[in-house]
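Just so it is clear: chains get the letters A, B, ... in the order the sequence lines come, proteins before strands, and each one is counted from 1.
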Amino acid sequence: MKIVYFGSPDFAVLPLQKLIEAGHEILGVVTQPDRKKGRSQELCPTPVKEFAVKNGLQVFQPEKVNLPEEIDAILALGAELFVTVAFGQLLKPELLYGTKFGAINLHASLLPKYRGAAPIHYALWKGEKITGVTTMYMNEGMDTGDMIYKAEYEILPEDNTEKLYEKLAVIGAGLLCKTVEDIGKGVAPRIPQDNSEASYATLLKKEHEIINWQQTAKEIFNHIRGFNSWPVAYTLCDGKRLKIWEAVAIDEKASAAAGEVLGFDNLGVKVCCGDGSVLLLQTVQPEGKGRMKASDWARGKQLTKGIQLG
RNA sequence: CGCGGGGUAGAGCAGUUGGCAGCUCGUCGGGCUCAUAACCCGGAGGUCGUGGGUUCAAGUCCCUCCCCCGCAA
């Protein structure tokens, strides 16, 4: 199959690699322009671009993929199918329907749930037990096209967003290859989405990062792991940021204010949450410092019982 | 030169107006205990990031450079 691949972040690298290994011909790779990153504001290529360059693929980095000249250039490659994986821009009809087989997308949720930009973050954050990946034909909407295949994944207690990204990339890459193959054979199904079941994983915002200690320990646990390893949930201690990388809800009850430190030991720092539930902070990161065990932080700070977080 | 915090024992930190380098944890040895992530006693472990400077004396004051990190993008 002659394919033009649209993708940007790490998640989109493995699916591209698997398509190549499956023998498909990648005529070009479209990815986001290099962006400024880090403290020194250096321009950085997307992971997909790095991979594409390393493999000698032709790379396109349009600021706006829907400009007429960009559309013409991409269509001129002569692809039979467009494949998108976390590309970051919506495609206009000229691109969506401009090839023999159309355009398909690999999405990291079980559609129609969690359409949008951050499906993996939301699945964990909202406490889902099951999530997965879906392949679909694209249309003008945001992840609203007809579905082709799904693969489910049961979320484990130790999963966080970073780990789930890696796992779903593996599952998704396999599902995508099967999807492309079946499209070629003309046997891929078209399953319309039930819009009444749809939900959206909108872009994460700054105010989503701060922990609300009024929530139960279980809810905060899901918040924290859903935000690991990016953008990382935090609370305030002495007016400074304290990122919480890892924590678990423990089977204890306390009668204290939400956000009050109950004490600490070698396992971590216990904090009272909503309904008297208790969260054990395990890995934290104070402003200007590296990531450390919560117990180390507490010892160095000579943390005392009763300190209020948040 | 976007703003800011920081580099002191294996880990996390303190170190006041320059004057013998400390705390908690870990580690090693011993003790207590049915037992312990518990408790008691004892020990080891540091060129205070680098290179200069000021001083009788620098972790501490001045300058150089390197490295780590928070915010912002």
**Report entry** Base-pairing mate for A44(B) - Watson-Crick or G-U, with both contacts under 3.5 Å
**Finding:** none

Query raised in the report: On a whole-Å scale, what distance lies between the P atoms belonging to A38(B) and G53(B)?
Result: 49 Å

Query raised in the report: Which word best sums up how the rings of Y122(A) and Y114(A) line up, parallel for under 30°, tilted for 30 to 60°, or perpendicular for over 60°?
Result: tilted

Report task. Considering only atom P, compute the distance from G19(B) to U60(B) and round it to an integer number of Å. Result -> 10 Å

Query raised in the report: Salt bridge check: are E181(A) and K185(A) linked by an N-O gap of less than 4.0 Å?
Result: yes

Query raised in the report: Are side-chain N/O atoms of Q61(A) and D34(A) paired as donor and acceptor at under 3.5 Å?
Result: yes

**Report entry** Nucleotide forming a Watson-Crick or wobble pair with C3(B), both distances under 3.5 Å
**Finding:** G70(B)

Report summary line: As its Watson-Crick or G-U partner within any shown strand, both distances under 3.5 Å, U17(B) has none

Query raised in the report: When all nucleic acid strands are considered with a 4.0 Å heavy-atom cut-off, which category describes D265(A): base, sugar-phosphate, or nothing?
Result: nothing

Query raised in the report: Expressed in whole Å, how much space separates the P atoms belonging to G6(B) and C63(B)?
Result: 16 Å

Report task. In plain terms, say whether D143(A) and R115(A) are close enough for a salt bridge, that is, a side-chain N and a carboxylate O under 4.0 Å apart. Result -> no

Query raised in the report: So is K167(A) actually on top of Y153(A)'s ring, under 6.0 Å and inside 45° of the axis?
Result: no

Query raised in the report: Can you tell me how far P in G29(B) sits from the matching atom in G45(B), rounded to whole Å?
Result: 16 Å

Query raised in the report: Of all of residues 298-310 of chain A, which get a heavy atom below 4.0 angstrom from RNA chain B, listed by number?
Result: R299(A), G300(A)

Query - Residues that, via side-chain heavy atoms closer than 4.5 angstrom, fall in one hydrophobic cluster with V59(A) - result: V53(A)

Report task. Determine yes or no for a side-chain-to-main-chain donor-acceptor pair under 3.5 angstrom, with R225(A) supplying the side chain and P157(A) the backbone. Result -> yes

Requested in this report: Starting at the 5' end of nucleotides 68-73 of chain B, put B wherever the base has a protein heavy atom under 4.0 Å, S where only the sugar-phosphate does, and a dash everywhere else.
Outcome: -BBBBB

